[in-house]
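Before any comments, here is the structure.
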Amino acid sequence: MNDPHQSVMDIVFGRWRSQILYAGIKLGIFDTLGVVPKRADEVASELNLNRPHAYRLLRALASLGLLSEDADRSFSLTPSGESLRADHPQTLRGIVLLEEGPEHYAVWKHLCAIVREGGADGFVREFGRQIFVYAVGAAGYGAVFGEAMSSLSGGETALVLEALAAYDFSGFSHVCDVGGGHGHLLCTLLATHPHLRGTVYELPSVIEQRDMLWAEKMGVANRCEYVAGDMFTEVPGADVYLLKHILHDWNDADCVRLLSNIHKAAAPKARVLVAEYVVPGPDTPHFAKLFDIHMMCATGGRERTEEEYADLFERAGLTYRGTWYPASRLMGIVEATKA
Ligand SMILES: C[S@@+](CC[C@H](N)C(=O)[O-])C[C@H]1O[C@@H](n2cnc3c(N)ncnc32)[C@H](O)[C@@H]1O
């Protein structure tokens with residue numbers, strides 16, 4: 001059984017770990033190391049760092065299991081450390097830069113005030129603008145946000161496809177991923193189902209990040225179109241809609257507005273597949289219950305239960321059909337139909 005005192009201490013010092021990790025990435029430590037050990041002094045001079053402090057940071061990263069330290073102050077990457085290199089195929093670099101970077105760090109400090117007062121989210125309180133408006137204006141943040149979404153996508157796409165392994169796409173031809181980011185999920189789905197074509201519908205600022213788009217890289221560019229637009233104004237016609245981490249960004253009224261736009265544009269028997277961290281019943285620990293607090297701080301959105309998604313669907317004229325889960329139940333795919 002867990003020591004209750006130690007459990008609290010682990011929570012208290014959690015941010016130290018993630019800030020040590022952030023510094024390692026931001027300073028380029030993971031990209032300069034490999035499997036062959038390199039001396040701390042060498043790392044410090046390559047990255048232009050203070051030598052004694054660089055050694056202490058490397059030692060702390062090793063203590064977290066991200067690096068291995070030899071007796072002569074040489075360091076190499078562990079398998080976890082390798083996943084933090086920019087060139088790793090499933091790199092987690094982007095998500096660290098976003099979640100521990102200055103903007104997200106700053107919005108969390110408003111949590112107590114938000115819980116006391118309700119009202120504006122932490123992004124609005126800190127920067128005076130809603131997160132996606134800020135992302136368009138602050139190009140640096142927009143790029144970090146985009147990299148983070150792609151970085152998360154590797155693992156999440158696998159979870160979504162696992163959950164939908166038995167899903168029958170044979171009666172459908174056109175899938176639209178609303179707010180689909182750089183298209184990792186949609187392009188993987190198209191690669192898995194060669195009869196499908198797809199549309200990634202996104203803000204212009206995201207589609208302009210040409211080097212980050214997945215369609216060419218995954219060999220599905222002939223079946224995947226990137227369309228710029230505003231999902232609160234209209235969405236393209238399709239017979240399957242994907243929304244991964246979209247509804248959780250918005251309050252109920254905005255979600256109903258978006259789902260109503262989908263209802264309006266959708267083919268008669270269209271399906272809507274909402275991929276989110278679905279909140280399970282009381283007293284079941286789940287990442288969704290933590291992510292929910294992040295949404296409170298960052299966007300004013302929320303994570304929801306199956307019943308709450310069913311209610312949003314109903315208010316937009318859609319009918320809830322059920323929820324698909326991967327074995328881990330980390331994410332859920334909540335399904336609705338137009339007819
Ligand atoms: C949390 S991200 C999720 C991205 C992607 N679905 C994923 O799971 O990686 C939300 C996305 O919604 C997009 N978005 C926000 N407002 C939008 C709007 N009005 N119209 C279209 N896309 C929008 C953002 O640009 C962002 O890529």
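- Taking hydrophobic clusters as Ile, Leu, Val, Met, Phe, Trp and Tyr residues chained together by side-chain heavy-atom distances below 4.5 Å, Tyr241 shares a cluster with Leu247.
- Residue pairs meeting the side-chain hydrogen bond (donor to acceptor under 3.5 Å, both in side chains) criterion with at least one partner in residues 66-77, sequence neighbours excluded, are Tyr55-Glu69, Asp72-Ser74.
- Side chains of His104 and Tyr141: a donor on one and an acceptor on the other come within 3.5 Å.
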Pair up each side-chain donor or acceptor in residues 173-180 with any protein partner under 3.5 Å, not counting sequence neighbours, and list the distances.
residue: His174; atom: ND1; partner: Gly237; partner atom: O; Å: 3.2
residue: His174; atom: NE2; partner: Thr199; partner atom: OG1; Å: 2.7

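- Contact annotation: the side chain of Leu84 never approaches that of Thr91 to less than 4.5 Å [non-hydrogen atoms, C-beta and beyond].
- Looking at heavy atoms from C-beta onward, Thr323 lies out of side-chain contact with Ile333 at the 4.5 angstrom threshold.
- Taking the side chain as every heavy atom from C-beta outward, Arg17 and Asp10 approach each other to under 4.5 Å.
- Residues meeting the ring pair (Phe, Tyr, Trp, His ring centres under 6.0 Å) test with Tyr325, sequence neighbours left out: none.
- If you check the side chains of Ser150 and His184, you find no donor sitting under 3.5 Å from an acceptor.
- Side-chain atoms of Arg51 do not come within 3.5 Å of backbone N or O of Ser45 as any donor-acceptor pair.
- Here Asp254 pairs with Arg257 in a salt bridge; the nearest charged N to carboxylate O distance falls below 4.0 Å.
- The shortest distance between side-chain heavy atoms of Glu156 and Met331 falls below 4.5 Å.
- Residues Tyr226 and Tyr201 keep their aromatic ring centres 6.0 Å or farther apart.
- Surrounding NZ of Lys264 are at most 12 heavy atoms belonging to other residues, nucleotides or ligands under 6.0 Å away.
- Within the 3.5 Å criterion, the main-chain N or O of Leu190 finds a donor-acceptor partner in the side chain of Arg223.
- Evaluation of the side chain to side chain donor-acceptor pair (under 3.5 Å) rule for Ser170 yields Asp168 as partners, not counting sequence neighbours.
- Atom CG of Leu290 is separated from atom NE2 of His294 by 11.5 Å, given to the nearest 0.5 angstrom.
- With ring centers used as reference points, His245 lies under 6.0 Å from Tyr277.
- Under the 4.5 Å side-chain contact rule for hydrophobic residues, Phe145 and Tyr22 share a cluster.
- The residue from Arg15, Glu126, Gln19, Glu100 that alone fulfils the side chain to side chain donor-acceptor pair (under 3.5 Å) condition with Tyr105 is Arg15.
- Proximity of a side-chain donor or acceptor of His193 to a complementary backbone N or O of His195 within less than 3.5 Å is not detected.
- Remark: the His88 side chain and the Glu82 side chain contain no N/O donor-acceptor pair separated by less than 3.5 Å.
- With no hydrogens or angles considered, a side-chain donor-acceptor pair links Glu335 and Tyr167 at under 3.5 Å.
- Looking at residues two or more places apart in sequence or on another chain, you find no ring pair (Phe, Tyr, Trp, His ring centres under 6.0 Å) involving Tyr320.
- Using a 4.5 Å heavy-atom cutoff, the side chains of Ile131 and Glu103 are not in contact.
- Remark: Lys26 NZ is loosely packed, at most 12 non-hydrogen atoms of other residues, nucleotides or ligands lying under 6.0 Å away.
- Scanning both residues, Leu318 and Ala336, for their nearest heavy atoms gives CB-CB, 4.1 Å.
- Listed here is the closest heavy atom pair of Ile20 and Ala60: CG2-CB, 4.0 Å.
- Taking the six-membered ring for Trp and thresholds of 30 and 60 degrees, Trp16 and Phe13 have ring planes inclined between 30 and 60 degrees apart.
- By the criterion of side-chain heavy atoms lying less than 4.5 angstrom apart, applied directly or through intervening Ile, Leu, Val, Met, Phe, Trp or Tyr residues, Val227 is grouped together with Leu203 in one hydrophobic cluster.
- For the pair Glu308/Arg302, a side-chain contact is recorded, criterion being any heavy-atom separation below 4.5 Å from C-beta on.
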Between Asp292 and Arg304, is the salt bridge (Lys or Arg N to Asp or Glu O under 4.0 Å) condition met? List the steps. CA-CA 8 Å; Asp292 182 51; Arg304 297 177 172 88; over 6 Å; no
Check step by step if side-chain contact (heavy atoms from CB on, under 4.5 Å) holds for Asn261 and Thr233. CA-CA 7 Å; Asn261 283 346; Thr233 306; 5.6 Å; no
Output, in order, the C-alpha distance, side-chain angles, deciding distance and verdict of side-chain contact (heavy atoms from CB on, under 4.5 Å) for Arg271 and Arg321. CA-CA 9 Å; Arg271 299 292 166 83; Arg321 289 196 78 207; 2.4 Å; yes
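- There is no path of hydrophobic side-chain contacts, each under 4.5 Å, that joins Val334 to Leu273.
- Using a 4.0 Å cut-off between charged nitrogen and carboxylate oxygen, Arg197 and Glu225 do not count as a salt-bridge pair.
- Two residues are said to be in side-chain contact when any heavy atoms from C-beta on lie closer than 4.5 Å; Thr188 and Trp214 fail this criterion.
- Here Tyr309 pairs with nothing under the ring pair (Phe, Tyr, Trp, His ring centres under 6.0 Å) rule; sequence neighbours left out.
- Between Ser83 and Ser80, the shortest heavy-atom distance links the atoms OG-O, 2.7 Å.
- Using a cut-off of 4.0 Å between Lys/Arg side-chain N and Asp/Glu carboxylate O, Arg315 and Asp311 are scored as salt-bridged.
- No side-chain N or O of His182 forms a donor-acceptor pair with one of Glu202 less than 3.5 Å apart.
- Atom CZ of Arg56 has 12 or fewer heavy atoms from other residues, nucleotides or ligands within 6.0 Å.
- Ile95 and Val160 are members of different hydrophobic clusters when ILVMFWY side chains are connected at heavy-atom separations under 4.5 Å.
- The pair Glu46-Lys38 meets the salt-bridge criterion, with a side-chain N (NZ, NE, NH1 or NH2) lying under 4.0 Å from an Asp/Glu carboxylate O.
- Taking 4.5 Å as the limit, some side-chain heavy atom of Phe232 sits within range of a side-chain heavy atom of Leu258.
- Within a 6.0 Å radius of NE2 in His5, no more than 12 heavy atoms belonging to other residues, nucleotides or ligands are found.
- Using a 4.0 Å cut-off between charged side-chain N and carboxylate O, Glu276 and Lys244 make no salt bridge.
- Asn50 CG: more than 12 foreign heavy atoms inside a 6.0 Å radius.
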